[in-house]
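Note that these values count all heavy atoms, side chains included, but never hydrogens, waters or copies made by symmetry.
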Amino acid sequence: MKQYYKILTLIVVAIFVFIVGAGFGYMKATDRFNKYITSSLYDSAATEVKGKVGLLELLKDGNSDKAQKRLEALVDVDLGTLTLYVNNPPLKQNKDVVEAIKIAKKYREKHPDHRVSPAIENSVKKTLDFVDGN
């Protein structure tokens, strides 16, 4: 009987240590993930500010053609990124994403003279074609 209590105590202690360890690991992983996401958001915001200020400078200096080309290239990059959404659409579509693609497609149809970089041309086309049936 004494042996039974020792084994039972050992099992309870092992379960307790496992639960505490799992909770601690979860807290550490969550903390790291949050730091990573926050860092990514800051980096993204910093890049956006730099790009927008560069475009403002071009516009202020009267280089609207160059600013337009850069903006169109930025739209291409964003459309290329949205290919991830197109390739893996969620069960419930994100109305903002679909609307953004529709706006970009309408702009491209209105101004067909823009040439997409060959590196992302297929992704951009696939993303723009996504709204044909929507």
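Both I19 and I11 are part of a single hydrophobic cluster, where members link through side-chain heavy atoms under 4.5 Å apart.
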Let me have the donor-acceptor pairs involving side chains of residues 47-59, under 3.5 Å, with sequence neighbours excluded, atom names and distances please.
unit_1: T47; atom_1: OG1; unit_2: D43; atom_2: O; d: 2.9

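F130 approaches I101 most closely through the heavy-atom pair CD2-CD1, 4.2 Å.
Just one of N122, D129, T127 meets the side chain to side chain donor-acceptor pair (under 3.5 Å) condition when paired with K125; it is D129.
For residues 76-97, every residue pair satisfying the salt bridge (charged side-chain N to carboxylate O under 4.0 Å, His left out) rule, not counting sequence neighbours, is listed here: D76-R108. Residue pairs meeting the salt bridge (charged side-chain N to carboxylate O under 4.0 Å, His left out) criterion with at least one member in residues 14-35, sequence neighbours excluded, are D31-K35.
Checking side-chain atoms of N63 against main-chain N and O of K66 turns up no donor-acceptor pair under 3.5 Å. Panel note: side chain S123, backbone T83; no donor-acceptor pair is recorded below 3.5 Å.
Distance CD/E72 to CG/D113: 7.0 Å, rounded to 0.5 Å. Distance check, rounded to the nearest 0.5 Å: CG of L91 to CD of Q93 gives 10.5 Å.
The closest side-chain heavy-atom distance from H114 to Y107 is not below 4.5 Å.
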Side chain to side chain contact (heavy atoms under 4.5 Å, CB included) between D132 and K105, worked out | CA-CA 10 Å; D132 283 341; K105 183 170 183 133; 2.6 Å; yes

